[in-house]
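Okay, so here's the structure we're looking at.
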Amino acid sequence: MTSTERQRRFARRAMWASVLLGILGFWFFAVRGEPIMGLVLGALLGGGGYWEYKRRIRDLDVAEGDPSRDPFEERERRR
């Protein structure tokens, strides 16, 4: 098993954990009578987790493609 496979699994699990926390946050605030707050929290956690997952996968794809290029340095350069 390569290290990128482990990193991909970790990224996927982190995304699902974030989505689960978003669902639980929505449920918590919906039960308390503030569904809009729950919806905002769920969207932030779920959407943020998905966005971070896609960023990590894109970095890993670049890292697998050319070993001489560092995706983290390139991302910092683009900022």
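Since this is a predicted model, take the numbers as computed values, not measurements. No hydrogens, no waters, no symmetry mates; every other heavy atom, side chains included, goes into these values.
Counting only residues at least two apart or on different chains, no salt bridge (Lys or Arg N to Asp or Glu O under 4.0 Å) pair has a member in residues 37-47.
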Under 3.5 Å, side-chain donor or acceptor atoms of residues 15-44 against the rest of the protein: list the pairs with distances, not counting sequence neighbours.
unit_1, atom_1, unit_2, atom_2, d
S18, OG, L45, O, 2.5

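Considering only residues two or more places apart in sequence or on other chains, R56 meets the salt bridge (Lys or Arg N to Asp or Glu O under 4.0 Å) condition with E52.
Nearest heavy atom pair, residue L60 against residue T4, reads CD1-O, 4.1 Å.
In this structure, the side chains of R58 and R55 come closer than 4.5 Å at one or more pairs of heavy atoms.
The pair D61-R8 meets the salt-bridge criterion, since a charged nitrogen lies less than 4.0 angstrom from a carboxylate oxygen.
Residue F10 shares its hydrophobic cluster (ILVMFWY side chains chained together at separations under 4.5 Å) with no other residue.
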